[in-house]
Amino acid sequence: MTAKPQGLAVRPGVIHYPGLLDPPAQRAMVDELRGAAAVAPFFTPRMPRTGAPLSVRMTNCGALGWVADEAGYRYVPSHPETGLPWPPIPGRVLALWETLADCPAPPEACLVNFYSSAARMGLHQDRDEATFDAPVLSVSLGETAVFRLGGISRRDPTRSFRLASGDVLVFGGEARLAFHGVDRLIPGSSTLLEKGGRLNLTLRRVTPFQRPAST
DNA sequence: CAGTCTCA
DNA sequence: TTGC
C-alpha cells in the first residue's frame with residue numbers, strides 16, 4: 001500500500017477507510033499485536049480520583065503509552081505493572097501511519113484497547129498530547145463497533161456509524177479534537193479474534209515535531 | 001485541574 | 001505528576 005487510498009469524509013477532518021485492511025492483513029496485524037501483548041500485558045485502566053475501572057482493557061506500543069489511574073491521564077515510557085518499556089510499534093502499523101497520516105514524524109504512541117462484547121467507551125476527546133498537529137489514526141480489528149462521533153464541543157450533535165474489522169479512521173485538522181466513543185459492539189460480527197471482542201489501535205504523536213520550513 | 005465511570 |  002503505497003498510494004494513499006480514497007476515504008470517506010464522515011465530517012470535515014474525519015476520514016473513514018472502510019475495509020482498508022483485507023482479512024489476511026488483519027490476521028497478520030493481530031499476530032504482531034499478540035507478540036506485543038506478551039511483553040506488555042493488558043491492564044485495566046481506572047478513572048482519575050474515583051478509581052472506577054473502565055470496561056476496556058489496554059496496553060501500548062511505542063516510546064510512550066497512555067495510562068489512566070487515580071493520578072490522572074498521562075503518557076509514560078513503561079508499563080505501569082511490569083515497569084518494562086513498551087514494545088515497539090509493529091511494522092505494519094507503522095506502515096499504515098506512513099501511508100495515511102501525512103505527518104513528517106513517526107507515531108510515538110500506539111494505544112491498544114481491547115473491547116469485550118460488553119465493553120463501551122464514553123464520549124471523550126484525545127487531548128493528553130502536547131501537540132495536536134499530527135492526526136490520530138484508529139484501526140479496528142474484530143467485532144464491529146457502533147461508534148459515536150461528535151464535534152469539538154461536548155454539546156455538539158453526535159452521529160453514530162459502524163466500524164468493522166479492517167476499517168481505519170483518521171482524525172485530523174479541525175476534527176483532531178472531536179469527541180468520540182463506542183456505544184457497543186455487535187456480537188458475532190467477526191471471527192477474527194477467536195474469543196470474540198474487538199481490538200482498537202490508536203496511533204498518536206505525543207510531543208511536538210519540527211514542521212518543514214515554509215520557505 | 002477534571003476527565004473516557006456510573007448511577008441516580 | 002492528583003493534592004487544592
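Residue numbers begin at 1 in each chain, while the letters A, B, ... track the order of the sequences. Values below: all heavy atoms of this structure, side chains included; hydrogens, waters and symmetry mates excluded.
Considering only heavy atoms from C-beta on, A/E129 comes within 4.5 Å of A/Y75 through its side chain. A 4.5 Å side-chain heavy-atom check between A/K4 and A/Y17 finds at least one atom pair inside the cut-off.
Salt-bridge annotation for A/D167 and A/R162: absent, with no side-chain N of the basic residue lying under 4.0 Å from a carboxylate O of the acidic one. Salt bridge A/D133/A/R176: absent, no basic N to carboxylate O contact under 4.0 Å.
Listed by first and then second residue, the side-chain hydrogen bond (donor to acceptor under 3.5 Å, both in side chains) pairs that reach into residues 46-67 of chain A are A/R46-A/E70, A/W66-A/D128, sequence neighbours excluded.
Within the structure, every side-chain polar atom (N or O) of A/R120 is placed at least 4.0 Å from both OP1 and OP2 of B/dC5.
Atom CG in A/D183 sits about 16 Å away from atom C1' in B/dT6, given to the nearest Å. In this structure, A/R46 atom CZ and B/dT6 atom P are separated by 15 Å, rounded to whole Å. Here B/dA2 presents its P atom at 13 Å from CE of A/M47, a figure rounded to the nearest Å. Between the CG atom of A/D126 and the C1' atom of B/dG3 there is a distance of 12 Å, rounded to whole Å. The distance from atom NE2 of A/H180 to atom P of B/dG3 is 17 Å, rounded to the nearest whole Å.
At a threshold of 4.5 Å between side-chain heavy atoms, the hydrophobic network of Ile, Leu, Val, Met, Phe, Trp and Tyr places A/V14 and A/V146 in two separate groups.
With A/V168 as the fixed residue, the side chain to side chain contact (heavy atoms under 4.5 Å, CB included) test singles out one of A/L203, A/L163, A/L100, A/L201: A/L100.
Comparing the same atom, P, in C/dC4 and in B/dA2 gives a spacing of 12 Å after rounding to whole Å.
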| Between A/L193 and A/E143, does a side-chain contact (heavy atoms from CB on, under 4.5 Å) hold up when you go through it step by step? | CA-CA 8 Å; A/L193 307 177; A/E143 289 178 337; over 6 Å; no
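The environment of A/R11 atom CZ is dense: over 12 non-hydrogen atoms of other residues, nucleotides or ligands sit within 6.0 angstrom.
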| Dot-bracket, DNA chain B: Watson-Crick or G-U, under 3.5 angstrom, [ ] crossing, | other strand? | |.......
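When heavy atoms are screened at a 4.0 angstrom cut-off, A/R49 is found touching base atoms of the nucleic acid.
The stretch residues 55-75 of chain A touches DNA chain B through A/W66, A/G72, A/Y73, each having a heavy atom under 4.0 angstrom from the strand.
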